[in-house]
Amino acid sequence: MGFILAAAGSAIGLGNIWRFPYVAGESGGGAFLILYLGMVFTIGFSVMLGELAIGRAARRNPVGAFAALKGGAWTYVGYMGVLAGFVILSYYSVIGGWTLAYTWATLGPLLENTDTGELGAYFSDFIADPTQTIAYHGLFMAITIAIVMGGIEKGIERAAKFLMPVLFVMLVALCIRALTLPGAWAGVEFFVIPDWSRVNTETVNAALSQAFFSLSLGMGALLTYGSYLSRSERLPSVAMWVTSLDTVIALLAGFLILPAVFAFGYDPAAGPGLTFVTLPAVFAKMPGGGLFGPVFFALLSVAAITSAVSLLETVVAYAIDETSSNRKPATLAMGVVVFFIGVPSALSFGPWSDFKLFGKTFLDLMDYLASNLLLPFGGIAIAVFVGWAVSQRMMTEVFGGATLPARVWLWMLRTVAPAAIIWILISGL
Ligand code: PFF
């Protein structure tokens with residue numbers, strides 16, 4: 001139970017509540033949703049099981065695990081994962097900082113407003129202010145560093161056990177409010193009725209990237225968590241629990257944000273501001289919204305922190321194992337480096353907003369690099385590694401032998417997952 005909640009704590013975060021609704025909105029809604037669900041329960045589930053198995057079999061960080069189980073060029077897969085950890089955490093912490101800031105802001109007059117024009121302007125002004133975005137990014141990193149310093153069980157599991165269920169209950173309450181707003185139904189239709197004409201390589205690519213990002217796959221975060229897991233745990237049920245919980249939270253966020261977008265006349269394709277602009281309007285329409293608002297953003301911050309902890313933990317586990325340094329100095333050093341890499345992302349909607357590469361701001365570029373390239377590449381590597389390089393050992397690790405489910409799983413990892421990901425990546429490029 002503790003482990004499932006900790007792993008779900010890694011998976012459930014800004015990816016579900018901030019990223020999923022806006023990517024679904026940009027990608028046309030219903031058709032994206034079906035593609036997403038399909039990928040989560042085939043490729044996503046199989047790769048997650050593979051990552052957990054590698055970690056538990058090797059009992060090491062990603063780099064050490066690939067080196068111990070096979071060595072050679074496989075070790076670079078581990079390095080790629082650690083690199084992805086740095087990149088993702090650097091901008092993840094910036095968005096995490098936004099949620100901390102909104103916890104504070106929603107205590108004030110922000111929640112008296114349902115005008116998405118004004119709420120949008122507030123949001124744009126806030127993310128353009130370098131002092132605030134950098135300060136909150138720093139605060140978010142400081143909290144994450146403090147938790148990772150405390151060691152894995154004490155810090156993470158205790159917090160996750162209590163706070164994740166509270167977040168869930170609040171999401172359900174908010175969904176009910178959003179769904180009963182006048183005009184909300186158009187959002188539900190947008191979200192669940194597929195418009196297949198909207199499907200193109202970009203939509204498919206977005207669904208795959210979102211699946212990897214949301215499930216924390218492809219960079220060794222769950223591999224690292226798996227390395228702390230006891231032999232008696234049944235990995236398939238752990239993976240199924242984590243996949244399902246993560247999906248439920250994403251769906252709830254979809255049924256909250258998208259109906260609100262339509263009810264308040266906002267643009268579903270408005271991008272990364274979607275959650276931050278529409279949620280305050282929902283709170284404003286709720287009895288007790290003034291209390292709900294800050295509590296919800298506080299819980300979202302907690303969900304973001306439990307994910308950030310898994311990102312930092314991956315990098316730190318590598319530093320501890322491979323350079324035999326102590327946990328505290330290693331965490332501090334890695335955390336400070338991540339903070340500095342994140343500064344350009346914090347500036348990317350303000351002073352650095354003119355800097356664009358391939359039409360993307362620095363933060364978008366980091367997100368694209370990590371979610372659309374590094375994570376899917378990591379996913380292929382993990383699938384091929386488990387499916388071909390160490391398949392016998394992994395079948396025993398997970399299923400105790402070559403049973404039927406074990407063979408179906410291997411078949412997914414050997415052929416379906418790599419072929420699908422490669423095809424999606426190539427057509428995306
Ligand atoms: N899965 C997290 C989320 O949805 O917010 C983000 C994340 C955590 C991605 C850990 C990758 C990772 F390794």
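The residues of the chain are indexed from 1 along the displayed sequence. Only this structure's heavy atoms are used, side chains among them; waters, hydrogens and symmetry mates stay out. Both counts, for ligands and for their atoms, begin at 1 and track the order of listing.
For F399 and W409, the distance between ring centers is under 6.0 angstrom. When ring centroids are compared, F276 and F126 stay outside the 6.0 Å threshold.
Taking CZ of R60 as the start and CG of D321 as the end, the distance is 7.5 Å to the nearest 0.5 Å.
Under the 4.0 Å criterion applied to side-chain N and carboxylate O atoms, E26 and R198 are not assigned as salt-bridge partners.
For S209, the side chain to side chain donor-acceptor pair (under 3.5 Å) partners two or more places apart in sequence, or in a different chain, are N372.
Nearest approach of L222 to L217, heavy atoms of both residues: CD1-CD2, 4.0 Å.
Ligand 1 lies under 4.0 Å from heavy atoms of S10, A11, G13, L14, G15, N16, Y92, F213, S214, S216, M219, A221, S307, S310, L311.
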